[in-house]
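Step one of this worksheet: look at the structure below.
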There are 2 protein chains.
Amino acid sequence: MEISEALEALTSLSQEIRLRVFRLLVTASPHGLPAGAIAEELAVPANTLSFHLNHLRHAGLVSVRRQGRMQIYTARCDQVEFLKDFLTENCCTKSSCAS
Amino acid sequence: MEISEALEALTSLSQEIRLRVFRLLVTASPHGLPAGAIAEELAVPANTLSFHLNHLRHAGLVSVRRQGRMQIYTARCDQVEFLKDFLTENCCTKSSCAS
DNA sequence: TCCATATTTCTAGAATACTCGAAATATTGA
DNA sequence: TCAATATTTCGAGTATTCTAGAAATATGGA
């Protein structure tokens, strides 16, 4: 993972609503959840949520598919793995790292 | 690691200058580097750097000790481990995770 | 004590991010 | 085609973060 991608992922996950959205989607993995269900669960207005879902999508952390009228969002857990790898390779010394 | 602590660490590392500072300090681990050397290496004004070092310090990602006139900053690599653990526990499904 | 060096704090302006009402778009079913 | 539902886009206001000049603080050496 490039530093610019890592920055995008870190920026996306560093916002409370987005982190909560992502965690929720991880628990709902691999089926995903429609935007409306996320908005209701987290008590966030639909348009505000849409803004954050877009942010996560641009950062590559979620993917989306349409199912009828609904947009189903799914966590891209592999991207978190890449982020963790980035942190391991760039932000850890050998001695301090388990992996 | 609590969600609020994780947010602080993610926020700190999601800013380009701070991420570069942290990576530099990891390479200089465990000795650390004086603020002036970091500023010079990254070509950032001393007071701007100070702002970001403060941010990293409040997030627990670096520690500092005085050595004569210099302030020596050191990466707290263990905190990155905690952040990775947080991501593993909260943001990964079992199937998607190596660990 | 006085000066030079290293760094931080103060401050205000600039840039970026977040929020949410209102309007627009997409889909389904009648 | 029309109404209802699900979601997104637009736009403007608010809040937060970043930047860097200037001044302040801390230390060591002459």
Side-chain angles (χ1 to χ4, degrees), chain A residues 3-25 28 31-76, chain B residues 3-25 28 31-76:
Chain A
I3 185 165
S4 59
E5 290 176 276
L7 271 170
E8 274 190 86
L10 288 164
T11 300
S12 240
L13 294 177
S14 70
Q15 208 277 341
E16 183 172 2
I17 291 177
R18 288 194 296 265
L19 183 57
R20 285 164 63 211
V21 167
F22 192 79
R23 277 158 47 106
L24 180 60
L25 288 178
H31 319 85
L33 286 174
I38 303 169
E40 190 178 16
E41 175 71 26
L42 302 183
V44 173
N47 55 355
T48 300
L49 178 69
S50 187
F51 168 85
H52 291 297
L53 286 171
N54 240 309
H55 205 294
L56 286 163
R57 192 164 54 78
H58 280 115
L61 289 165
V62 304
S63 54
V64 61
R65 66 182 193 279
R66 183 172 279 282
Q67 186 178 295
R69 271 180 275 214
M70 297 182 291
Q71 296 276 79
I72 312 290
Y73 284 86
T74 311
R76 295 204 38 198
Chain B
I3 186 166
S4 59
E5 289 175 277
L7 271 170
E8 273 191 87
L10 288 164
T11 300
S12 238
L13 293 177
S14 69
Q15 208 276 343
E16 183 171 2
I17 291 177
R18 288 193 295 266
L19 184 56
R20 286 164 62 211
V21 167
F22 191 79
R23 278 158 45 105
L24 179 61
L25 288 178
H31 318 85
L33 285 174
I38 303 170
E40 189 178 17
E41 176 70 27
L42 302 183
V44 172
N47 55 352
T48 300
L49 178 70
S50 187
F51 168 85
H52 291 297
L53 286 171
N54 241 309
H55 205 294
L56 286 163
R57 192 164 54 79
H58 280 115
L61 289 165
V62 304
S63 54
V64 60
R65 68 181 192 279
R66 182 173 280 284
Q67 187 177 294
R69 272 180 276 213
M70 298 182 291
Q71 295 277 81
I72 311 289
Y73 284 86
T74 312
R76 294 206 36 198

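These figures come from a predicted structure and were not determined experimentally. Hydrogens, waters and symmetry mates play no part in the numbers below; they use all other heavy atoms, side chains included.
- Contact footprint of chain A on DNA chain C: nucleotides with an atom under 4.0 Å from a non-hydrogen protein atom, first to last in 5' to 3' order, C:dC18 to C:dT28.
- Going from atom CZ of A:Arg65 over to atom P of D:dA6 covers 17 Å, rounded to whole Å.
- In this structure, CZ of A:Arg69 is placed 15 Å from P of D:dT8, rounded to the nearest angstrom.
- Straight-line distance from the CD atom of B:Gln71 to the C1' atom of D:dT27: 10 Å, rounded to whole Å.
- Within residues 3-19 of chain B, the residues having any heavy atom under 4.0 Å from DNA chain D are, by residue number, B:Gln15, B:Ile17, B:Arg18.
- Looking at heavy atoms from C-beta onward, B:Phe22 lies out of side-chain contact with B:His52 at the 4.5 angstrom threshold.
- The distance between atom CG of A:Leu53 and atom C1' of D:dT9, rounded to the nearest whole Å, is 14 Å.
- The minimum heavy-atom distance linking B:Leu13 with B:Leu56 is given by the pair CD2-CD2, 4.5 Å.
- Residues A:Leu33 and A:Glu41 form no side-chain contact, since every pair of their non-hydrogen atoms from C-beta on lies 4.5 Å or further apart.
- Residues A:Leu24 and A:Arg20 fail the side-chain proximity criterion, which asks for heavy atoms closer than 4.5 Å.
- Regarding A:Phe51, its CZ atom lies at a distance of 16 Å from the P atom of D:dG11, rounded to whole Å.
- The CD atom of A:Gln67 sits 15 Å away from the C1' atom of D:dT5 (whole-angstrom rounding).
- For B:Leu56 and D:dT17, the CG to P distance is 14 Å, given to the nearest whole Å.
- Residue B:Ala46 is in base contact, counting any heavy-atom pair closer than 4.0 Å across all strands shown.
- Distance, A:Met70 CE to D:dA4 C1': 15 Å, rounded to whole Å.
- Residues A:Ala35 and A:Leu53 come closest through the heavy atom pair CB-CD1, 4.1 Å.
- Between A:Ala59 and A:Glu8 the shortest heavy-atom distance is CB-O, 3.8 Å.
- Put simply, A:Tyr73 has a side-chain N or O that comes within less than 4.0 Å of OP1 or OP2 on D:dT8.
- Using a 4.5 Å heavy-atom cutoff, the side chains of B:Leu25 and B:Ile38 are in contact.
- The listed nucleotides are D:dC18, D:dT8, D:dT27; the one nearest the side chain of A:Asn47 is D:dT8.
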